[in-house]
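Data first, discussion second: the structure below is written as structure tokens.
Since we're looking at a predicted model, the values are computed, not measured.
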Amino acid sequence: MDLAGRKHYNKVRSKAKFTDKQYRTIRVLHEMKKVKLKDLSKELNISNSSLCIMLNKMVDEHYVAREHDERDRRDMYYYLTEKGERIFKDESSMRRDIMNQIFEEKLTEQEQDQFLEAVESLSEIFSKLAERS
């Protein structure tokens, strides 16, 4: 990452409530709603043990809740609490605002459009790859 990129990354980090790994986790929990530890671990590509440690901290802070699977008590479901949802939305908004500010400062309107088109193209490609897996 170049110096300018590092500067903007540090700006996000200084205002962020969560680490990048925690943010990815709550984003996936937000999207998946209620998920088993092993499925969340697979989705995030984080070991069960590391994820469990992180989730325990987030449970202690009341961002995440857990409950046993009624059919198999060995399985545990995780989901965002109301507080977790609220914090996720605030964090997402803050990160989006900073990215918009960076775009507006560093890129012309034409460059912004080109960037968004490239991201959309990549998203379509990744969706096709996922369908073929």
Side-chain angles (χ1 to χ4, degrees):
M1 188 180 304
D2 67 356
L3 187 58
R6 176 63 59 191
K7 175 185 165 192
H8 294 298
Y9 176 77
N10 287 338
K11 186 175 185 178
V12 170
R13 292 298 324 126
S14 69
K15 294 183 178 186
K17 178 80 174 159
F18 300 108
T19 66
D20 291 339
K21 206 178 269 191
Q22 288 172 321
Y23 180 72
R24 280 183 46 231
T25 302
I26 65 164
R27 189 183 75 235
V28 170
L29 283 170
H30 171 77
E31 292 167 0
M32 296 178 85
K33 303 298 179 210
K34 195 174 194 180
V35 62
K36 290 181 181 181
L37 178 68
K38 64 182 177 185
D39 296 330
L40 185 58
S41 174
K42 185 176 179 181
E43 181 73 24
L44 293 166
N45 198 25
I46 300 173
S47 71
N48 282 356
S49 58
S50 293
L51 184 57
C52 196
I53 291 167
M54 181 187 359
L55 287 170
N56 284 338
K57 290 178 184 176
M58 295 174 89
V59 166
D60 290 344
E61 294 171 348
H62 306 286
Y63 300 133
V64 173
R66 64 178 161 232
E67 64 185 42
H68 286 282
D69 183 344
E70 291 179 12
R71 288 175 285 175
D72 185 348
R73 301 285 298 161
R74 295 171 296 178
D75 280 337
M76 187 73 70
Y77 283 101
Y78 290 87
Y79 56 94
L80 289 181
T81 62
E82 285 183 33
K83 180 180 179 181
E85 286 285 350
R86 208 171 41 253
I87 296 290
F88 167 71
K89 288 176 182 168
D90 291 346
E91 181 94 1
S92 296
S93 178
M94 180 273 300
R95 288 172 181 251
R96 198 171 23 258
D97 289 348
I98 290 173
M99 289 305 299
N100 287 338
Q101 181 183 357
I102 292 167
F103 272 40
E104 290 169 3
E105 288 175 5
K106 301 291 181 184
L107 301 176
T108 65
E109 246 182 85
Q110 182 181 3
E111 291 168 330
Q112 291 174 36
D113 290 341
Q114 289 172 333
F115 178 80
L116 292 174
E117 287 174 19
V119 169
E120 288 171 4
S121 293
L122 285 172
S123 179
E124 289 173 20
I125 290 168
F126 287 133
S127 292
K128 287 178 184 177
L129 289 172
E131 290 171 5
R132 295 176 185 166
S133 297

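- Around the CG atom of N45, the shell of radius 6.0 Å holds no more than 12 heavy atoms that belong to other residues, nucleotides or ligands.
- In terms of heavy-atom proximity, Y79 sits nearest to K33 at CB-O, 3.1 Å.
- Closest heavy-atom contact between Y78 and L29: O-CD2, 3.7 Å.
- The CG atom of L80 sits 10.0 Å away from the NZ atom of K89 when rounded to the nearest 0.5 Å.
- In terms of heavy-atom proximity, L44 sits nearest to R24 at O-NH2, 2.7 Å.
- Around atom CD of E31, more than 12 heavy atoms belonging to other residues, nucleotides or ligands sit under 6.0 Å away.
- Heavy atoms from other residues, nucleotides or ligands lying under 6.0 Å from NZ of K83 number more than 12.
- Within the structure, salt bridge (Lys or Arg N to Asp or Glu O under 4.0 Å) contacts touching residues 115-125 (residues at least two apart or in different chains) do not occur.
- The OG atom of S121 sits 6.0 Å away from the CD1 atom of I125 when rounded to the nearest 0.5 Å.
- Looking at S92, its side chain does come within 3.5 Å of a backbone N or O of F88 through a donor-acceptor pair.
- Applying the side-chain contact (heavy atoms from CB on, under 4.5 Å) rule to N56 yields the partners C52, R66; only residues at least two apart in sequence or on another chain are considered.
- Looking at T81 and V64, their side chains never come closer than 4.5 Å, going by heavy atoms from C-beta outward.
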Show your working on side chain to side chain contact (heavy atoms under 4.5 Å, CB included) between R27 and H30 and close with a plain yes or no. CA-CA 5 Å; R27 189 183 75 235; H30 171 77; 5.6 Å; no

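- Of all the heavy atoms in S47 and S41, the pair that sits closest is C-OG, 3.7 Å.
- With sequence neighbours excluded, the residues that form a salt bridge (charged side-chain N to carboxylate O under 4.0 Å, His left out) with E67 are K34.
- M54 meets the side-chain contact (heavy atoms from CB on, under 4.5 Å) test with K21, Q22, T25, I46, L51, M58; sequence neighbours excluded.
- Under a hydrophobic clustering in which Ile, Leu, Val, Met, Phe, Trp and Tyr are joined whenever their side-chain heavy atoms come within less than 4.5 Å, directly or via other members, L55 and Y77 fall into different clusters.
- For E109, the side-chain contact (heavy atoms from CB on, under 4.5 Å) criterion is met by no residue, not counting sequence neighbours.
- With rounding to the nearest 0.5 Å, the separation of CD in Q114 from OG1 in T108 is 7.0 Å.
- Take D39 and apply the side-chain contact (heavy atoms from CB on, under 4.5 Å) test, not counting sequence neighbours, and it matches V35, K36.
- Annotation: the span from H62 atom NE2 to D60 atom CG amounts to 7.5 Å, rounded to 0.5 Å.
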